[in-house]
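Heavy atoms only: backbone and side chains are in, while hydrogens, waters and symmetry mates are out. We name chains A, B, ... by the order of the sequence lines, and we start the count at 1 in each one. Just so it is clear, the structure is predicted and the values come from calculations on it, not from any experiment.
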Amino acid sequence: MSTVAPEVTAPSAEDQKISPAELKKRAKAEKQARRAAQKDQKPEDEAQSAEPQSAAATAPGVNGEMKAHETPASALQQQQPKAEKPQKAQPPKLSKQGSQEAEPHHKRTGSQAQQMPLRRRPSQTGPPTKVAPKKESKQVELFSHLYTQPRRHTIEGVSKDVHPAVLALGFQISSYEICGSSARCVAMLLAFEEAIQDYTTPAGASLARHLTAHYLSPQIEFLKSCRSISESMGNAIRWLKKLIVEIDPSTPEQEAKDELCERIEVFIRERITITDQAIAASASNQIKNGSVVLTYAKSSIVEKTILEAHAKGTKFRVIVVDSRPLFEGKQLATSLMHAGLEIEYLPFSAISHAVKQATVVLLGAHSMLSNGRLQSRIGTASVAMQAAKRDIPVIVCCESVKFSGKVALDSIVLNEIAPAEELLLPTRSTPSKPAPKDGDEEAEAKPKALSDWKEIPRLQLLNLMYDVTPAEYIRMVICEYGSLPPSSVPVVHRLANEGM
Amino acid sequence: MANEPFNIVSTYRRLLAEDEDLTMPVAAIEALIQGLANTPASTVSETLDLVSKLTAQLKQSIPNSISLSAGTDLFQQYLISNLQRPSDRGDFDQIRAHLVQNGKLFVERAKAARETIAGFGRHFIRDGDVVLTNGGSRVVGSLLRSAAESSNNRGSIRFKVIYVISPNKTAMEDESTANIAALRERDIPVATIPSTAVAYCIGQVTQCFVGAEGVVENGGIVSRMGTYQIGMLAKAAGKPFYVVSESHKFVRLYPINQQDLGIEQDVVDFRTAKGSVKDDEGAERSERDEGVADMEGKEGAGGKAAICEPHEAVDYTPPHLISGIITESGVLLPSAVSEELIKIWF
Amino acid sequence: MPAATVGQTPSLSTFVKSLKTNSIESSIELLASLLKRRQIKNSRQCALATAQLLLRVVAAERIKDPQKLIDRIRDVGRRLVAAQPREMAVGNIVRRILGVVREVIESQAGDDGSGSSAPSTPTSPAHRQSKRPMISHSFSSFTPLSHSAAMPYDMHPRPGTPMDSSASTVDGMADLAAPRRPGLASSASYASTAPQNASLLSFLEHPLGRSPAGTPPSRNSPRMTPVQSSTELNKEKIDIKAEVIDGIKELLDELEVVDTQIAESALDHIHSNETILTTTSSQTVQKFLSTAARKRKFTVIHAEAYPNDHEITHATILNGGKKSSGEDEEADERWKPLTALGITVILIPDTAVFALMSRINKVILAPHTVLANGSLLAAAGASTIALAAQAHHVPVVVLSGVYKLSPVYPFDTQELIEYGDPGKVVPFEEGDFMSKIDVQNPLYDFVDAELVSLYVTNLGGCAPSFLYRIVADHYRVEDTDLSAKTG
Amino acid sequence: MPPKAKKGAPAQKSKTSEDEREEPLQAVVFADAFETTFVPFTLERPRCLLPLANTPLIEYTFDFLASAGVEEVFLYSGNHTDQVEEYFKKSKWTRPTAPFSLEIIRSNARSVGDAMRDLDQKQLITGDFICVYGDVVANLPMETAIAAHRSRREKDKKSIMTMVLREAGEAHRTKSQNLCPCFVIDPVTERCVHYEQVRPRQTPRLDIAEEVLKDHVEVEVREDLVDCGIDICTPEVLAQYTDNFDWQAPRRGFLYGVLKDFETMQLSVHTHVTSEGYAARVKNLQAFDAVSRDVVARWAYPLCPDVNMVADQTFQLGKGCVYKEDGVVLARSSVLGRKSVLGKATSVGEGSVIQESVVGRRCVIGKRVRLDGAYIWDDARIGDDTIVERAIVANEAAVGKGCHVHPGALISYGVRVADGTVVNGSSRITKAKRRRSSGAAQAGKATTDPKIVGEGGEGYELAVDDDEDEKLESLAPGDIYNMSNAALSDDSISTLDSDDEHESLDEDSKRRSSRSESFASINSDESGDTRRRAADFHHEATASIVDALQKNEDVNNIQLELQALKLSSNAEDKQVRRTVAVGLMKRIAGLVESGTSPKDAVSKTLSPNKLLIQRSVSTNKEEFSEQVEFLLYMQTDLVHRQQGDKILLFVCNVLAHDDLIEAEGFEQWWEDPRSSATEELAEVRKETKQLVDVLVASDDDDDEDEDEDDESD
């Protein structure tokens with residue numbers, strides 16, 4: 001649950017321009033590179049497209065790097081695919097190289113850059129090198145089904161079909177620069193737009209067939225490898241595929257592509273941008289004079305709602321409850337603070353004290369499940385529970401695009417596991433403080449530091465992303481179709497996501 | 001059966017009438033003592049016999065005998081524990097003598113107990129609280145009053161009171177209206193609501209206080225009709241629900257449900273055009289229950305128990321709804337009550 | 001730091017050392033200020049410090065009149081409690097020790113017991129209402145014990161109005177009941193001591209006391225020893241001191257072994273391959289688990305208790321006992337981390353508790369304080385855990401040494417909560433944030449009795465509903481309200 | 001706490017307490033900071049006893065020292081020492097059970113430097129000692145700092161001091177708003193290699209000696225530190241002070257000096273930067289406000305009201321950081337907002353709203369009162385319908401019904417403000433008369449000024465002594481700058497003789513920012529650091545002159561000293577001139593305030609000291625500029641002195657009479673636009689008009705006209 005791309009890397013103003021703008025600009029530059037590359041590589045392309053990933057992985061690996069560097073296409077040709085093979089043999093070296101490349105890449109994406117890579121570093125070097133052998137012992141069996149391959153932060157072994165824009169997006173997502181269901185969804189669609197524009201139907205294939213199967217799917221695969229995709233993204237993709245299939249084969253390629261992009265724009269506008277405003281408008285009516293709004297972590301809609309209510313001149317207090325390791329609530333609190341609201345900021349441990357004062361609880365969603373349960377940032381369930389116990393109305397703000405056909409009873413089957421290293425964050429110091437520093441702090445504090453948890457047998461760290469809030473804790477769900485009880489989520493889901 | 005000059009029942013009634021503040025158990029004890037005084041009983045067994053007879057008589061003739069039975073039971077138990085010790089007759093005479101002499105003393109002490117409890121009020125009621133109570137109970141009234149007065153060294157306590165008053169005007173109501181007036185005197189805002197509105201306003205309440213006619217063995221209470229539902233609502237809303245009662249109201253009775261109170265009250269009165277349909281079975285049964293309830297087999301006494309007036313109707317609030325019972329000697333958990341009673345009888 | 005010990009910030013250990021050299025008064029002052037500065041915190045340390053201090057105090061007293069001793073201890077206790085009312089262990093220990101003294105005196109002086117306690121009459125509710133408790137929730141007079149009163153009435157013929165004598169019954173009773181009560185480390189099984197059966201009857205019985213020749217019931221007659229002459233008294237005082245000191249020593253031992261005692265019952269509560277959730281770095285819990293770990297294999301899910309205890313919690317998980325309790329007392333508590341005992345430990349942020357609860361069989365908590373009605377205070381976040389457990393019908397087991405049981409009845413739970421340093425939530429450096437936004441950091445949570453399934457104390461397990469009795473067994477009514485003026 | 005408390009490291013055998021008794025940890029506390037930032041309150045009470053969140057400042061400081069394990073404390077007290085002693089007689093710190101031995105030292109030291117020198121003579125300090133002001137609120141653990149200091153000193157005798165600094169981000173309310181210290185630190189050795197004071201939100205230009213940069217591979221420039229004046233010193237420090245008699249302040253004097261001649265002396269000062277705990281100095285009202293709020297919001301935990309530091313306090317914490325003492329009586333309809341403190345037996349009337357305010361004991365708050373961020377001290381009364389914003393109402397003061405006290409206002413002890421008065425933010429109302437010489441002189445009853453306190457009120461507006469207004473506004477953070485500029489534009493020079501080391505430079509640079517045409521011109525050419533040196537020079541020189549004058553020293557000595565100073569800090573004549581002018585005026589004004597008539601004061605001061613003027617003002621017929629300057633300096637300085645106009649008149653009279661300044665000089669001065677730049681200036685010189693007219697009678701009428709114009713504007 002977080003903001004749409006623009007606000008996402010919220011605190012500082014400059015990246016607001018950056019993320020979307022960057023995407024575009026970079027894409028532009030990379031477009032040529034890619035065009036050139038493809039021209040020269042046509043033959044190989046054919047060959048590899050037949051082969052499975054592994055074989056393909058070599059040359060593309062180079063492609064990927066090259067693109068990140070934005071080195072001229074010609075440069076690529078010098079390097080022989082063979083030359084890569086040995087490198088690929090020793091992952092550690094590669095990964096190091098990878099991380100180095102990842103960083104300049106991040107740098108370009110604005111202020112967050114300084115902290116993101118640092119924050120990430122453990123998991124970047126981590127997965128390929130240290131963990132690989134030990135991983136079994138470090139996985140919590142209960143969740144073994146959730147341990148996919150470690151999130152990708154490096155570009156080696158990326159299928160060369162992956163469009164630069166998507167590539168860039170992938171890293172932004174895996175580093176939480178773009179975070180939150182709808183934000184990621186929007187960013188993805190934008191990326192796809194460019195990808196589609198750069199797409200050319202190979203001879204003898206029809207756009208409707210080829211585009212989805214052979215062009216889009218690698219993109220999606222890549223995104224998945226960066227971080228498992230959110231419900232909203234899933235819905236969007238499903239919608240997009242449907243759209244593509246429906247395209248009349250007779251329409252000329254460019255026209256079709258423009259058509260697609262056109263529709264995507266519309267989708268973003270209608271299903272997310274406008275929707276948010278609608279929801280905010282209606283949800284803000286739930287905030288009365290003198291009420292105390294309790295919210296958890298950070299949700300763009302909740303933020304909009306609160307600001308909306310504030311703009312209306314309603315007098316109310318906001319309690320922001322926040323938690324490790326992401327501290328999203330801090331961003332929310334800061335942005336509300338600048339808006340001049342009266343805010344109280346509490347750690348997660350203080351929920352019971354927070355609900356004592358609260359009059360209404362506003363929550364954002366990662367997705368609404370069809371059995372009326374809410375999947376959202378880990379910890380949300382506890383907040384809802386405490387509120388429900390004290391009979392404080394719990395209201396969920398959620399675009400219908402986040403509604404899901406899935407059902408879940410607990411937070412264990414459906415979930416996502418974030419790298420455990422995030423839990424090693426310095427706790428007493430600002431996030432901007434480099435992670436290693438924290439390392440030694442702890443080290444001098446005690447013989448064994450948490451940072452070397454991997455060396456300690458039978459110690460496991462678990463860092464879940466989401467939990468599932470039982471429907472009975474939720475009093476109301478506000479979506480663009482109006483306010484509904486959790487029980488009628490499936491109804492809206494059909495209407496919105498399957499009905500079209 | 002009881003000797004003509006002395007009529008236990010009338011004595012009891014008179015005592016209650018004479019003294020506003022007198023509680024039923026104390027009145028009962030008073031009555032018994034006077035009975036004891038008026039009838040020469042020379043031996044232990046005689047005395048006990050007499051007392052039990054009087055008790056039976058009293059219980060039978062008073063419709064709602066629960067509260068007073070607390071007194072009578074206590075009295076009997078006292079006699080038993082003191083008289084049936086291996087000891088000389090002098091002992092007996094003394095005891096009898098002192099009992100007869102000290103009747104008034106008990107009354108005073110009963111009142112003292114109430115004052116003590118009232119004194120605790122301050123600790124329960126915090127600045128900004130909203131207290132819900134159902135009228136009638138004198139001890140609750142005095143508790144609230146003392147809270148209102150005690151704006152002493154701890155600083156002022158600003159609290160509001162919601163009084164639940166039942167529609168039908170009765171003696172009880174006068175009591176509660178008196179309390180309400182007293183509180184308003186002391187600048188405490190008081191709202192009065194019908195018992196039907198409790199659920200509506202329980203949300204804004206911070207805690208509930210109710211009085212009790214008797215505190216039964218499992219820590220539950222028998223109190224005037226409507227207490228039970230308040231208890232349930234308080235529980236549902238997660239508000240503390242305190243019972244305020246002097247410990248001499250502990251009664252040896254263990255109701256398993258509402259019908260098991262051992263008294264006859266036709267609250268549920270089915271009617272047809274022909275009028276009330278009341279099966280004598282029910283009446284019979286309940287009567288026998290009553291017999292079981294008060295351990296003196298009152299079949300001997302025979303006769304028909306009077307029926308409660310609607311306004312005297314009571315219900316039973318099970319212990320799990322009760323956060324604490326405030327007695328003159330402390331806050332008891334319901335679980336502690338049974339211990340106390342157990343300790344008396346065994 | 002070698003040379004720097006002078007500048008060293010004090011702690012329990014330094015305090016205990018200083019005890020040997022300092023004057024009593026300054027030791028008291030010192031402890032008070034340590035408590036105020038939170039340089040000694042958490043129940044166990046407070047308990048130890050208090051006991052140690054009082055040991056010194058008693059040792060130094062020249063006891064003319066036992067009542068003096070009691071008053072002295074009360075007075076010290078009052079000052080300590082005032083210093084940090086929310087560390088209730090302090091008050092508890094003081095009360096326990098007062099109990100010891102009274103007991104000794106009574107067993108010594110027999111009927112003098114009444115004499116010694118007569119001055120403390122005012123502690124009875126009748127008078128208490130006129131007094132302000134030190135911190136207003138310490139409406140502590142309320143323990144069931146208090147109305148186990150009055151039986152002994154007939155044993156202290158005392159003139160007086162019904163009021164004040166009925167008042168003094170409380171003490172009289174307590175005193176005489178005492179000798180029957182086993183030592184303070186007694187087990188709950190002694191709950192109903194005979195004389196208490198008089199409780200309700202007292203209502204009627206009192207006047208016997210005033211009756212001309214109140215021959216007492218035979219079973220009590222042994223106590224009808226005539227009042228000793230003062231000389232006799234003085235003679236006895238000598239060993240009173242010794243005995244009291246022994247009593248306190250016992251108490252200290254109890255504090256030492258309490259965890260082990262609790263741990264003994266571990267196997268009765270933990271079965272193989274269950275999943276246990278716990279939080280914070282309680283020494284008690286760790287001992288408990290590691291005892292079980294010797295025999296059985298299970299999984300521990302450990303919530304880290306951010307932001308106040310997470311560092312120390314991590315330390316405990318990683319390194320076991322050595323550093324866990326910070327720079328605190330004896331080297332005695334040093335144990336291996338659970339992982340070293342072959343237990344799988346999963347460290348989770350507090351947020352994940354609800355998500356995992358559905359797979360957990362037992363929640364084990366360590367309280368900060370247990371209150372008379374079975375509810376408890378524990379590190380912030382506990383109420384969320386307990387609530388989640390209830391929602392998933394997972395039993396919540398609370399491990400608490402008796403010294404954490406407090407006779408205090410929670411009227412206003414808000415008052416019991418300590419608010420800590422917001423700097424732990426948001427670093428002080430973030431000027432803008434900290435000045436424009438209220439940041440709060442409560443240290444404790446209030447957990448209602450109904451959320452607790454079971455208490456395990458060093459006297460064995462019991463239900464929350466029965467806790468009142470254990471409390472009653474360990475504290476004297478007349479001591480529950482320390483602020484009460486005596487004599 | 002008692003010494004032994006600290007013996008022995010945790011959880012292991014302590015070293016036998018003998019070897020530690022060798023050097024018990026000592027501390028020196030300066031009860032007053034030799035600043036006038038708390039005027040008018042400090043006129044009647046010693047600064048260290050001002051209540052912060054209802055607890056005297058000194059309590060915080062001592063508690064801090066106690067927790068740091070200090071064993072001997074020397075309290076230097078200048079103002080109101082009797083009150084200080086009185087207080088400590090009662091307090092727990094003088095009881096045998098006190099954690100450390102306390103010795104109160106009466107001194108008439110006029111700066112930290114003096115105190116230090118005195119201390120050195122007294123030979124009280126045996127080993128390392130902590131040196132703090134009596135207004136430090138801190139809870140940070142000292143042991144590591146001390147340890148570090150010790151180990152360093154063992155290695156190198158030359159490292160004589162360690163400054164304890166608390167990290168605080170960029171903008172931080174607890175840092176000084178208008179001036180913050182900037183430390184240049186060698187991250188490896190933690191040595192402080194350079195120190196300057198810079199203004200936030202301005203890119204400061206530090207002039208770091210190049211050798212510094214040479215011999216340090218890496219230096220950190222840190223502006224994000226709260227300097228709470230906690231120094232761990234070796235006895236060497238005292239010696240240094242003694243050697244350099246001109247060092248007054250620990251930072252701009254001592255530290256600056258030590259760093260300056262590092263090359264020669266090789267003495268080094270280190271820093272200990274901590275991100276743990278809390279530390280702040282209640283340096284001025286702005287800091288007072290900030291720290292109060294920190295304490296109430298528990299940032300200084302455990303140093304919060306509910307710790308009840310002073311024995312008889314009974315604060316209890318309620319929801320939302322509301323602290324109430326026993327016996328607080330709140331009317332039913334009154335609202336007690338978040339972050340408030342209410343003292344014992346205070347009563348609040350119906351409908352009153354209190355938030356973010358600190359109210360002392362036994363106060364009476366009327367009905368429908370609004371207290372917003374106000375500081376009400378003990379026994380004050382606030383009338384119905386009154387609004388008090390971020391302002392201070394001191395003990396026993398009474399504000400009438402329907403008043404409005406604006407942010408920044410200070411209402412001193414016992415003042416009564418009549419009903420319906422509006423007290424504006426800049427005003428500082430008191431009943432006490434201003435006393436120049438600290439301590440001794442008794443407060444004469446001042447005449448009530450109905451304009452300020454309304455009819456039937458008591459108290460008068462305290463004349464703004466040039467060096468104060470900043471800190472006063474700064475209680476109300478919002479309008480610091482505009483206010484101060486307004487206040488500054490006219491008396492820019494005279495701000496230089498601030499007693500407050502921390503603010504002087506600040507105003508100096510501020511002067512440049514606020515371009516009052518008057519004297520900007522004079523220094524506009526100076527570069528940053530020459531100006532600072534000027535500041536130094538002027539600061540010290542003026543002080544010494546005034547000082548000397550008070551002691552009626554022989555002119556020649558004064559002249560000598562002045563010369564010495566001038567050379568040492570190669571100041572230009574211009575500065576000397578300024579110094580002399582200001583110095584003299586100060587002295588005169590001083591006399592005037594202590595009751596002597598201007599006339600006598602002037603003659604008394606000037607006649608013996610003509611020499612000074614002659615030396616500083618050349619009297620050759622061609623060059624009058626110097627004379628003009630001199631006059632201007634005096635004029636400007638007098639703007640805010642009591643009866644400045646009179647003084648000016650008499651001074652001019654004398655000067656003219658003794659031909660120290662020729663008629664032309666006066667004439668040019670009179671014509672000089674700068675001399676009538678502002679209202680005040682014009683005001684001040686009015687009196688002198690006739691005199692000048694007489695002097696320049698010979699000249700023709702056009703001057704006259706100009707004069708008219710001058711006055712008209």
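- Contacts of Ile412(A) with chain C are made by side-chain atoms alone, with heavy-atom separations under 4.5 Å and no backbone atom involved.
- Heavy atoms of Ile301(C) lying under 4.5 Å from chain A are absent altogether.
- Looking only at heavy-atom pairs under 4.5 Å with chain A, the residue among Gly342(C), Ala382(C), Ala388(C) that has the most is Gly342(C).
- In this structure, a donor-acceptor pair under 3.5 Å is absent between the side chains of Thr295(A) and Glu303(A).
- Shown here is Lys362(C), whose NZ atom has more than 12 heavy atoms of other residues, nucleotides or ligands within 6.0 Å.
- Heavy-atom distances place the side chain of Tyr419(C), and not its backbone, under 4.5 Å from chain A.
- Salt bridge status for Asp391(A) with Arg475(A): present, with a side-chain N to carboxylate O gap under 4.0 Å.
- Below 30°, between 30° and 60°, or above 60°: for Phe316(A) and His310(A) the angle between ring planes is above 60°, a perpendicular geometry.
- Highest contact tally toward chain C, considering only Ala354(A), Ala350(A), Gly340(A), Ala381(A), is held by Ala381(A) [criterion: heavy-atom pairs under 4.5 Å].
- Counted by atom type alone, His366(A) and Glu231(A) present zero donor-acceptor pairs between their side chains at under 3.5 Å.
- Within 6.0 Å of the NZ atom in Lys297(C), the count of heavy atoms belonging to other residues, nucleotides or ligands exceeds 12.
- Looking at Ile351(A), the atoms closer than 4.5 Å to chain C (heavy atoms on both sides) all sit in the side chain, from C-beta outward.
- The nearest pair of heavy atoms linking Phe143(A) to Ile417(A) is CB-CD1, 3.6 Å.
- Both the backbone and the side chain of Pro347(A) come within less than 4.5 Å of a heavy atom of chain C.
- In this structure, the portions of Ile343(A) lying under 4.5 Å from any heavy atom of chain C include both its backbone and its side chain.
- For chain A, the nearby part of Ser358(C) is the side chain; its heavy atoms alone come within less than 4.5 Å.
- Counting heavy-atom pairs closer than 4.5 Å to chain C, the top residue among Leu346(A), Leu464(A), Val320(A) is Leu346(A).
- In this structure, no portion of Leu409(A) lies under 4.5 Å from any heavy atom of chain C.
- The greatest number of non-hydrogen atom pairs below 4.5 Å with chain A, out of Thr299(C), Asn441(C), Leu356(C), Val353(C), is found for Leu356(C).
- Taking Lys436(C), His392(C), Met357(C), His302(C) one by one and counting their heavy-atom pairs under 4.5 Å with chain A, the maximum is reached by Lys436(C).
- At a cut-off of 3.5 Å, with distance as the only test, no side-chain donor of Gln286(C) or Ser281(C) sits close to an acceptor on the other residue.
- For Ile417(C), the part lying near chain A is the side chain, with the backbone staying farther off; criterion is any non-hydrogen pair under 4.5 Å.
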